[in-house]
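Input: a single structure, listed below in structure tokens.
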Amino acid sequence: MLILYENEFCPVLISDVEPASETEEELVSRVITIMEEHTDWTKFDLARELKWSENKVQLFIKKHALPYQLQRGKQKVLNPEDVMAFMADHPDMSLSKLAAHFGVATSNMLSYMKTHGIMKGGLLVKKVIGKHPSGRSVVIQKGESEKRYIYETFLGTGEATTWQTARDAARRTSFTEAEKQQGLDKGNWNWRAFD
């Protein structure tokens, strides 16, 4: 059986829909109960609990004018050693499942891994080589201290506190201003990481 369900944003095709096991009022009551029991949960957490998308949670809260008030300021803090250990034990886990395990959004997990130089499999980036289509290349290496990444470009060297900032700085400083005005810096860099 196919049913076309439409809301104010877009139509959604749902196949093999089973009859609802709870009424709309019961569902609202259940969502309110969950929100009251977990006042620090984000919409991402609610969506995971209800097995909905974050968008569906947002629309449901708005439609029923639910008293959703997230207590802000409690940012999730991840320990790089914990992330690397878990990833080493689960090397084939997808990024979205990894993010769900740690209770963060997939985009935040990806950003966190880039910032801390963590590769798939839980390996820490120790050396990265970037090559530009123009032939220019950069080398970024992890320094001896925890928060030190040293980069070497065609024009010189520098250092940064995270892998991502070192990579960005190396890209920016690989070409002179005159070369940038000529458009020689255009093109995507290819990166290869070594543990």
Side-chain angles (χ1 to χ4, degrees), residues 30-58 60-61 66-131 137-153 157-174 188-195:
R30 183 164 65 98
V31 172
I32 289 173
T33 302
I34 292 170
M35 288 177 8
E36 287 173 349
E37 289 175 0
H38 305 282
T39 57
D40 61 335
W41 275 15
T42 63
K43 290 176 186 165
F44 174 79
D45 296 321
L46 289 171
R48 190 172 50 186
E49 174 71 19
L50 296 166
K51 296 180 176 57
W52 293 353
S53 68
E54 286 182 71
N55 188 39
K56 183 173 180 178
V57 169
Q58 175 69 31
F60 189 84
I61 288 171
L66 299 182
Y68 173 79
Q69 291 188 350
L70 174 63
Q71 294 179 4
R72 302 276 179 206
K74 293 184 179 180
Q75 190 174 20
K76 189 91 171 179
V77 178
L78 300 179
N79 182 347
E81 289 79 24
D82 293 343
V83 173
M84 288 187 291
F86 184 81
M87 289 176 69
D89 292 341
H90 304 86
D92 297 327
M93 183 174 275
S94 70
L95 188 60
S96 59
K97 288 183 180 177
L98 182 67
H101 172 78
F102 284 102
V104 297
T106 304
S107 60
N108 290 348
M109 191 74 220
L110 180 60
S111 176
Y112 180 83
M113 289 171 62
K114 284 182 178 179
T115 299
H116 291 280
I118 301 171
M119 298 189 310
K120 193 161 173 79
L123 301 174
L124 192 63
V125 173
K126 292 185 180 169
K127 182 177 182 180
V128 175
I129 296 175
K131 292 194 176 182
S137 62
V138 298
V139 176
I140 304 170
Q141 294 188 53
K142 184 156 178 52
E144 293 181 22
S145 72
E146 182 69 23
K147 297 270 187 180
R148 188 168 176 236
Y149 293 84
I150 301 162
Y151 60 89
E152 183 178 344
T153 71
T157 62
E159 67 178 66
T161 57
T162 67
W163 182 84
Q164 184 68 41
T165 55
R167 191 177 90 158
D168 292 343
R171 285 188 309 195
R172 283 193 308 273
T173 59
S174 291
N188 294 326
W189 288 82
N190 291 316
W191 298 93
R192 184 169 177 205
F194 302 89
D195 64 338

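Throughout, residue positions are numbered sequentially from 1 according to the sequence presented.
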> Backbone N or O of Ser107 within a donor-acceptor pair of the Ser111 side chain at under 3.5 Å?
Replying inline: no
> Got Leu46 and Phe60 here, is their nearest side-chain heavy-atom distance under 4.5 Å?
Replying inline: no
>> Counting the benzene-type ring for Trp, do Phe102 and Phe86 have ring centres under 6.0 Å apart?
In response: yes
>> Measuring from atom CE of Met84 to atom CE of Met113, what distance do you get when rounded to the nearest 0.5 angstrom?
In response: 11.0 Å
> Can you list the steps and then say if Glu54 with Lys43 is a salt bridge (charged side-chain N to carboxylate O under 4.0 Å, His left out)?
Replying inline: CA-CA 6 Å; Glu54 286 182 71; Lys43 290 176 186 165; over 6 Å; no
> Which atoms form the tightest heavy-atom contact between Ser96 and Thr106, and what is the distance?
Replying inline: CA-OG1, 3.6 Å
> Minimum heavy-atom separation for Thr165 to Thr161, with atom names?
Replying inline: OG1-N, 3.9 Å
> Rounded to the nearest 0.5 Å, how far does CZ of Arg48 lie from CH2 of Trp41?
Replying inline: 7.5 Å
>> Distance check, rounded to the nearest 0.5 Å: Thr162 atom OG1 versus Asp168 atom CG?
In response: 8.0 Å
>> Please give me the minimum heavy-atom distance between Thr153 and Ala170, naming the atom from each residue.
In response: CG2-O, 3.6 Å
>> Tell me the closest heavy-atom pair linking Tyr151 and Ala166, and the distance in Å.
In response: CD2-O, 3.9 Å
>> For the CD1 atom of Ile140 and the CD atom of Glu152, what is their distance to the nearest 0.5 Å?
In response: 11.0 Å
>> Determine whether Val128 and Val139 satisfy the following criterion, side-chain contact (heavy atoms from CB on, under 4.5 Å), listing intermediate values before the conclusion.
In response: CA-CA 6 Å; Val128 175; Val139 176; over 6 Å; no
>> Tell me whether the count of non-hydrogen atoms from other residues, nucleotides or ligands lying under 6.0 Å of CG in Asn79 goes above 12.
In response: yes
> For Val31 and Leu66, what are the C-alpha separation, side-chain angles and deciding distance, and is it a side-chain contact (heavy atoms from CB on, under 4.5 Å)?
Replying inline: CA-CA 9 Å; Val31 172; Leu66 299 182; 3.8 Å; yes
>> Return the CG to CE distance between Leu98 and Met109, rounded to the nearest 0.5 Å.
In response: 4.0 Å
> Rounded to the nearest 0.5 Å, how far apart are CD1 of Ile61 and CE of Met35?
Replying inline: 5.5 Å
>> Would Lys131 and Trp189 count as a side-chain contact (heavy atoms from CB on, under 4.5 Å) here? Give the steps.
In response: CA-CA 5 Å; Lys131 292 194 176 182; Trp189 288 82; 5.5 Å; no
> Does the pair Asn108 and Phe44 meet the rule for a side-chain contact (heavy atoms from CB on, under 4.5 Å), with working shown?
Replying inline: CA-CA 12 Å; Asn108 290 348; Phe44 174 79; over 6 Å; no
